[in-house]
Student: 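My questions all concern the structure below.
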Protein chains: 2
Amino acid sequence: MINSSLLLKEYNLKVTPQRVAIVEELYKHGHMNIDELYKKLLEKFPSISLATIYKNVNAMVEKIFLNEVKIPETKSVYELAKEAHSHLVCSSCGKIEDIKIDTSVLNDSIKEKSSFQIENVDIVFSGICTSCQNKSK
Amino acid sequence: MINSSLLLKEYNLKVTPQRVAIVEELYKHGHMNIDELYKKLLEKFPSISLATIYKNVNAMVEKIFLNEVKIPETKSVYELAKEAHSHLVCSSCGKIEDIKIDTSVLNDSIKEKSSFQIENVDIVFSGICTSCQNKSK
DNA sequence: ATGAGTGCAAAGTATTTGCAACTGG
DNA sequence: CCAGTTGCAAATACTTTGCACTCAT
């Protein structure tokens, strides 16, 4: 499990039940878009407002402990910040997985061809996940 | 230069001056967001509607000859489809450059770790472009 | 107690749609 | 000629803001 309260405190955000729930749902599901978060939180807080979700997600993104992941052809999803990693997206079912790969080769390759000073790399792989591969058989 | 009419015809889109202008602006500028396109086209077509831009860009994206590029922290931009390539984005001035790098290493690396069947990779490097590096000196 | 957070309603933006008039092939 | 395209206005969708009330510290 995750210590959401501690995490929130570390980032100078007051610990409210709504915020704790956001962190925990993200921890549990890995990646969620605004709407999924909203629907999930509605279960616990029947009167929660979409505005609350937006305000909190934005606040957490600013504090850099949430991360917005932009994915081709879909809405952005949010994830708890963690070690740098790339994403695998199933173009059939939409499932998103994290994957750690070594990207240093890429940076080297850039260094040769461009004088951009690289600070960060975002990589999204699209493809078919295992279970969708099996379904189609 | 580019033969926009031919291109449009190939993709079964009627050749209208507005569409030709969209293709040409994208050819000229490489990457533009909806608003930049709109403002640019307003110069030639003072009564063009934003709806026309949206409809055409969407049509061209569906025909796969435009490509939507999603970039962290900014609006999507569109580009003419071409050989697979990655993007360099300057986090200071927003400039976007194309860059061709060999991504086969990545696919191999995925193959080892996951049974996702990879179909595509989107890579966005963020950093500081040369001219912004010089400015800050 | 008090500054920050919540929910609601309203305001902003962004994007899509319906439709009459127009136009490319 | 006529199916497809345009521009406009209206409709939707998405996101932010202002404010009175509540709550975490």
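By convention in this document, chain letters (A, B, ...) are assigned in the order of the sequence lines, proteins followed by strands, and residues within each chain are numbered from 1.
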Student: Distance check needed: C:dA14 P versus B:Ile53 CD1, whole Å only.
Tutor: 15 Å
Student: Got a donor-acceptor pair under 3.5 Å from the side chain of A:Lys55 to the base of C:dG7?
Tutor: yes
Student: Whole-Å distance between C:dG24 C1' and B:Leu8 CG?
Tutor: 12 Å
Student: Check every strand shown and say whether B:Ser47 touches a base, only sugar-phosphate, or nothing at a heavy-atom separation below 4.0 Å.
Tutor: sugar-phosphate
Student: Look at the side-chain N and O atoms of B:Asn58 and state whether any lies under 4.0 Å from the OP1 or OP2 oxygen of C:dT15.
Tutor: no
Student: Heavy atoms under 4.0 Å, any strand shown: does B:Ile48 hit a base, just sugar-phosphate, or nothing?
Tutor: sugar-phosphate
Student: Give the nucleotide from the list C:dA14, C:dG24, C:dT6 with an atom nearest to the side chain of B:Lys14.
Tutor: C:dG24
Student: Would you kindly compare B:Lys75 and B:Leu13 by the position of their nearest DNA chain C nucleotide and give the one closer to the 5′ end?
Tutor: B:Lys75
Student: Whole Å only: how far is the OH atom of A:Tyr54 from the P atom of C:dA11?
Tutor: 19 Å
Student: Using whole Å, what does the distance between atom P of nucleotide C:dA14 and atom CD of B:Glu36 come to?
Tutor: 13 Å
Student: With respect to the phosphate group of D:dG7, does any side-chain polar atom (N or O) of B:Gln18 fall under 4.0 Å of OP1 or OP2?
Tutor: yes
Student: Return the nearest nucleotide to the side chain of A:Arg19; candidates are D:dT17, D:dT16, C:dG5.
Tutor: C:dG5
Student: Compare all side-chain heavy atoms of B:Glu79 with those of B:Asp98 and state whether any distance is below 4.5 angstrom.
Tutor: yes
Student: To the nearest Å, how far apart are B:Glu68 CD and C:dT15 C1'?
Tutor: 12 Å
Student: As a test of reading the structure: which of D:dC8, C:dA14, C:dG24 is closest to the side chain of B:Pro17, going by heavy atoms?
Tutor: C:dG24
Student: Tell me whether the OP1 or OP2 atom of C:dT6 has a side-chain N or O from A:Asn56 closer than 4.0 Å.
Tutor: yes
Student: Kindly indicate whether the side chain of B:Val69, heavy atoms from C-beta on, has any atom under 4.5 Å from the side chain of B:Ile96.
Tutor: no
Student: Report the nucleotide, chosen from D:dT6, D:dC8, C:dC8, that has the shortest atom-to-atom distance to any side-chain atom of A:Ala51.
Tutor: C:dC8
Student: So, is B:Thr52 close to the D:dT6 phosphate, meaning a side-chain N or O under 4.0 Å from OP1 or OP2?
Tutor: no
Student: Could you tell me whether B:Glu36 and B:Lys39 have a side-chain N and a carboxylate O separated by less than 4.0 Å?
Tutor: no
Student: Tell me what B:Thr16 touches on the nucleic acid: a base, only sugar-phosphate, or nothing, going by heavy atoms under 4.0 Å.
Tutor: sugar-phosphate
Student: How many Å lie between CG on A:Leu50 and P on D:dT17, as a whole number?
Tutor: 15 Å
Student: Compute the centroid of each ring, for A:His29 and then for A:His31, and state whether the two points are separated by less than 6.0 Å.
Tutor: no
